[in-house]
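Below is one structure; the comments refer to it alone.
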Amino acid sequence: MTESDLRLIRESAGGIAPRTGDLKRIRALRFTTHGFDPAIWRQICDLGWPGLALSEAQGGSALGMAAFCALAEELGAALVPEPLISAALAASGLPETHNAAHLAGTNLILPAWQEQPDSLARTWHCQCRDGRLNGRKCFVVQAAAASSFIVTTAQGLALVPAAGEGVQLSVEKTQDGGHFGTLDFTDAPAEPLSADHGLAIEEATLATAATLLGVADRAFAITLDYLKSRSQFGKPIGSFQALQHRMADLKIQLELTRASIAAAAHSYDQGGTEALRLAAISRAKARASDSALLITRQAIQLHGGIGYTDEADIGLYLRKAMVLANLYGSAASHRARFAALSKI
Amino acid sequence: MTESDLRLIRESAGGIAPRTGDLKRIRALRFTTHGFDPAIWRQICDLGWPGLALSEAQGGSALGMAAFCALAEELGAALVPEPLISAALAASGLPETHNAAHLAGTNLILPAWQEQPDSLARTWHCQCRDGRLNGRKCFVVQAAAASSFIVTTAQGLALVPAAGEGVQLSVEKTQDGGHFGTLDFTDAPAEPLSADHGLAIEEATLATAATLLGVADRAFAITLDYLKSRSQFGKPIGSFQALQHRMADLKIQLELTRASIAAAAHSYDQGGTEALRLAAISRAKARASDSALLITRQAIQLHGGIGYTDEADIGLYLRKAMVLANLYGSAASHRARFAALSKI
Amino acid sequence: MFQIEPIETRNLDEWPDDAFRSEVRQFLASHYPPELRFPPRRLHFSENKPWYIALAKAGWLTPGWPRQYGGLGLSAGKQLILIEEYERHGCARLNDMGMTMIGPLLIKHGSIAQQEFFLPKILSGAHIWAQGYSEPNAGSDLAALRCEAIADGADWIITGQKTWTTLANDANWIFLLVRTDKSGRKQEGISCFLVDMSLPGITVRPIINLELHDEFCEVFFDQVRVSDSCRVGELNQGWAIAKNLLGFERIYLGSPRQSEQALDRLKLLGERMNLTEDAFFIDRFTRLQLDLEDLKCLFSHFADQLRRGETLGADVSMLKLFQSELYQRITEAMMEFAGEFAGLLEPMGGNRELHPGGAFIAARPTSIYGGTNEIQRNILAKNVLDMPG
Amino acid sequence: MFQIEPIETRNLDEWPDDAFRSEVRQFLASHYPPELRFPPRRLHFSENKPWYIALAKAGWLTPGWPRQYGGLGLSAGKQLILIEEYERHGCARLNDMGMTMIGPLLIKHGSIAQQEFFLPKILSGAHIWAQGYSEPNAGSDLAALRCEAIADGADWIITGQKTWTTLANDANWIFLLVRTDKSGRKQEGISCFLVDMSLPGITVRPIINLELHDEFCEVFFDQVRVSDSCRVGELNQGWAIAKNLLGFERIYLGSPRQSEQALDRLKLLGERMNLTEDAFFIDRFTRLQLDLEDLKCLFSHFADQLRRGETLGADVSMLKLFQSELYQRITEAMMEFAGEFAGLLEPMGGNRELHPGGAFIAARPTSIYGGTNEIQRNILAKNVLDMPG
């Protein structure tokens, strides 16, 4: 991917994920059952986004993680609630036959892989034997919208219809207006799949970091605008040195995050040992989680009272960062993984 | 101790430890063999300072830790290099017969208790059997000036003459112009003592925290003066908001330190369980170590280039903080002890 | 001189501290509605009314007011004990503007007629007050306020907008700072008015905050006519009155309570996440705990000043600064250790004490209200450290 | 046009990067004095002269100068490789003012006569330059300088004082910014002079710094007479020349090298203190390591801009800011983990790599020199973020 290829991808994102403009669409979808708009999701699928980094054999366009991260960043900046990263993760484990409808947006399959909070373990207690699935999965993003789930089990991946017998879903609302699902499987009929996710959970982790970058980047820009336009004591508050220095520090964190993610995506696309790739992803996710929370919470402070109202858009960025910061692993768990990988 | 009693003690310190004025005396003593002035030490002894908190039975005036901390703070503020805290610790283990000359300043006995770096363990490997001492002690402050050492051993305290056979001293210079001694004892003739230090090492810890408070307090004041008098870009640099806010934050750390030490000294003097007293001392020392290093290093930064010269007095405060911060336990080890004590 | 007979006939200020404390505990045990302990957010009057009325009936609603005005006449030291016990018990904060600000203001600056009319109604709970200070373009810079009153015969016509008016949706009276003269410096030409919120021309619009709660309101004044008898204090001298209103509140804003409660909850969260043996969690927790312990030492230092009858200086700002940011740091630690639960809108498993995301959001405004922490640092630098410019 | 035949006859800039890098490594292996690797402090010319002369003999002293002036004519990308390899090898920084600043300045602004006289002497090592910018009351605010030159016929009489003049005690020539006109704005009326330090009236007084080392000097000028031919550039336009001198140096100031070396030493210290299995040490170390790794990513981002031939913007300040403070934080961690050793004046057990106190002190000035970090943050806010006022 050259810089100009990446720019094209970012520009193409603008139609669905405008960097500026109001967030009425986002607000209207908050706390609804699905948490996103199925029509927009189909448009996203028409653009081929969920398969952007997927191999061509699986129906994707194999443009790599640099491209997918650029896209995720734009969607983060626009707070797009449609489940791009989840859908791409699901696609990685699906045979091409299933991927056709999934990637077309007519049949949304969501990944149910996680069993413990804040865990980077990649082993599973869920069992799939003789076509029957048992166990529990948690933190399934936007679970209520799925037609099927692709479930990690001790025996490999399995596909289970959301409305099937033995499948029980409970949902909890998240701060960003979406929800997490908890799935309990009791002898649920399931189709074993022969493929596996490979490193797709890692790719989803990196794309989540990129989303956080977009969130932080836009929150920073909104705050900078606010500081230039809001006056107190007869001058723009952005002229106060203490606020200038804080913005300078936030800018550095923002650019460190951008550089870290770009380097991780680049080295991922170049190949290299798994340990190196995972260490780079952990590094990028740790930075993105910390800096997005830092920048969005400072953004609230720098907005003053207005930042504490639900009417102000800046709060939507804080809430998004709160949900994404620990998804696919908190900063602390990624630091621990980085330390373990660097020892080798 | 009432507030006005404490004020009297502070004022009495002014003769030897003036809060303001030049530091010529301090500079002249840096990196000399003893690191301090024996004549001043005798004056300090004449004032009764080493025995201020010592019981009357041992020849002290039993004024308690609030008083001793007030004094230590003043001596810290003036960077007084004479070994007040060490001498007081030594006195706690000496019988009154020995204390007479020691507290009069004619015969300086220094404590050699530590065996490991940054350790709060109070058990000793040094052995004293049949009047013979074996083992190693380290970080003995101003060791080259001692006529005798009072040594902690597995069998209790022992007194050994500095010039005695089987006593080998090596010294390493410290940043503040003093030195640490390492003592190797090989069958050194020693006099076993029946008393023990009791909680006197804890008292020395708290007094060291108070010294750090004095160092930080004066460094802060010098820096504040500098910021008010130094001009750049046509105005005093103390009018720049970023520097004002930094000073505000340092001021808070300074006052937290002061309040923490005062509370620890007060509760120590009031009695209470050993666990509570030790926890309060650990809390105060952790705060003092961190805040003195923070304030003195920020003081250098706020002085700009001049702060990086040896001519500027502010650097002397940084060096003193560097030496005292980890003496009697680093912030980290005191935090760990606090956590362990709070669990009970 | 106007007087009100106190309902509480005992002079509690004369009691020994221990006896007083124990009396307060008994009072709370028998009068405080258990379901209101440790509320997750500021309660509306409809919710905390039982407690309000219980206090009013006992004559305990206004501990700081002099006994001749129906208060308990407690010294600062006794008031601190009261607050400590309320906090320990988890008492909800009341709609307390009338008790803590308007009453003392009227006692000091009000006419006898104003005292006679208003004070008993605060004591009985008949008047619930709001305080109209901030405006959309006068937040930290209160002197920039533009809401104005224009004289019309013996009346005034008030037009403008207030914002961040706490619980204005519960209040039936509002204390207003308005501009009555535009000719002088910004701080001049401001006057204080007492306004019945049922008057025509007043609209209240709740603001939904980040906790998705309607604690604050905007209040709009469209040509609201009030009589000159509703003006309090000297004409155009309102700034001086308003500035000095926050007396006792300045130490209250620095109370360690929020941080203490948050730290307890961080501990619970650590247990829930199986981190109690995790060295990194322990270190992080201990650092915060030490910050809290030292804050308590510093708080005591200022409380002792109050107990000795001294006036607090501007350095009391240190408490508010450190407390609010400690509270925030504790909730930030919650976010880091809570894993995916950090993103939940509601408490974990319905346990109100396990709500990292909620606590994180609730802690945000503490560094904004009561003068942003940036303003507090300016005050420290200028009024305490005497720094230039 | 004046030309100098380069000693290095090969056009190294045309080599592939890998071949060039390997050539540099071989050069270092065979020419760099082993005892000078990783010096603990800035070396004097008397100490680093062997290395200086080796470079001069090979024609490698001035990698960035065009080949027609005797330089290597390396592109920014190649220069970065050179620096990387020098840093990796632990090469001492030379008395490099002539090579990095005065030479390029003369090439751009000097007269042919000045070029003919000075450039060969820089290339041979005959002239060691100092740079006289700062004054006691013109530190961050360089435009406030007061050292002045008064015209006296065709000569100028220079009187005043410079300070923080790096290694002036080694230099035989000094580049001076002096005031030649006091009538205009502070930035105006400043001119540049090239002054022989052996002239009567010049006194050099070393300043002992916190490392107890004489790296900096004060330089006093008492009616020093110089000819007008020693003036460089337009009269009274010196500010513009001086301001643009720091080009390539701006990325160099943000090089991760200092932090990288410090982190290696923190690791060694952790081993010495038996902390390698300590969870808290590991977490602290890992955070610093991640900061370093991300800094390297950001550094590469700017280095790529240079390699593509782009000019660096003001945002390159971010590197210097983050690097200097990371370096400091690493040494602060050393202090925390070093126990009583933190207070030692000399390295632990004579091992130069185990000197926490020394490293802590050595890291202090990085946030002061080259424009304090406060100034850097002002620049970021104003020139990069376009913030007002």
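Please read these numbers as outputs of a predicted model, since none were measured by experiment. Below, chain A is the first sequence line, B the second, and so on; all start at residue 1.
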Check whether [X] gets within reach of chain B through its side chain, its backbone, both or neither, counting any heavy atom under 4.5 Å.
| X | result |
| --- | --- |
| D/Glu211 | both |
| D/Ala342 | both |
| D/Pro356 | neither |
| D/Ala138 | backbone |
| D/Phe341 | both |

Which residue out of [options] racks up the most heavy-atom pairs below 4.5 Å with chain D?
| options | answer |
| --- | --- |
| B/Leu324, B/Asp310, B/Leu318 | B/Asp310 |
| B/Phe31, B/Phe240, B/Tyr328 | B/Phe31 |
| B/Ser330, B/Gly305, B/Ala331 | B/Gly305 |
| B/Thr309, B/Leu293, B/Val323 | B/Thr309 |

Donor-acceptor pair between B/Arg297 and D/Gln328 side chains, under 3.5 angstrom: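 Their side chains do not contain a donor-acceptor pair, so the 3.5 Å distance test is not met.
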
Between B/Ser291 and B/Thr257: side-chain donor-acceptor atoms closer than 3.5 Å: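 Result is yes, a qualifying pair exists.
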
Let's test your reading of the structure: which of [options] forms the most heavy-atom pairs below 4.5 Å with chain B?
| options | value |
| --- | --- |
| D/Ile208, D/Asn209, D/Thr163, D/Ile207 | D/Asn209 |
| D/Gly339, D/Gly358, D/Ala338 | D/Gly339 |
| D/Met273, D/Glu346, D/Glu332 | D/Glu332 |
| D/Thr372, D/Asn137, D/Ile361 | D/Ile361 |
| D/Lys186, D/Glu336, D/Met335 | D/Met335 |
| D/Asn378, D/Asn373, D/Ile368, D/Leu345 | D/Leu345 |

Side chain, backbone, both or neither: which part of [X] has a heavy atom under 4.5 Å from chain D?
| X | value |
| --- | --- |
| B/Phe233 | both |
| B/Ile237 | neither |
| B/Tyr308 | both |
| B/Leu243 | side chain |

Quick test of your reading of the model: are [X] and [Y] salt-bridged, counting only N-O distances below 4.0 Å?
| X | Y | answer |
| --- | --- | --- |
| B/Arg287 | B/Asp290 | no |
| D/Glu374 | D/Arg377 | no |
| B/Glu115 | B/Arg122 | no |

D/Arg272, CZ atom: more than 12 neighbouring heavy atoms under 6.0 Å: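 Atom CZ in D/Arg272 is not crowded, with 12 or fewer foreign heavy atoms closer than 6.0 Å.
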
Stepwise side-chain hydrogen bond (donor to acceptor under 3.5 Å, both in side chains) check, B/Gln114 with D/Glu340: CA-CA 11 Å; B/Gln114 197 168 359; D/Glu340 290 80 359; 2.4 Å; yes

Under 3.5 Å: donor-acceptor pair, side chain of B/Thr174, backbone of B/His179: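 Side chain of B/Thr174 to backbone of B/His179: a pair is present.
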
B/Ser260 backbone acceptor or donor facing B/Arg283 side chain under 3.5 Å: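 The answer is yes, because a donor-acceptor pair under 3.5 Å joins these two groups.
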
Euclidean distance, D/Glu215 CD relative to D/Thr165 OG1, rounded to 0.5 Å: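 One finds 12.0 Å between OG1 of D/Thr165 and CD of D/Glu215.
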
B/Ser231/B/Lys235 under side-chain hydrogen bond (donor to acceptor under 3.5 Å, both in side chains): CA gap, chis, key distance, verdict: CA-CA 5 Å; B/Ser231 280; B/Lys235 47 184 178 174; over 6 Å; no

D/Phe360 six-ring centre to D/Arg364 NZ/CZ under 6.0 Å and within 45° of normal: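 The answer is yes; both the distance and angle limits are met.
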
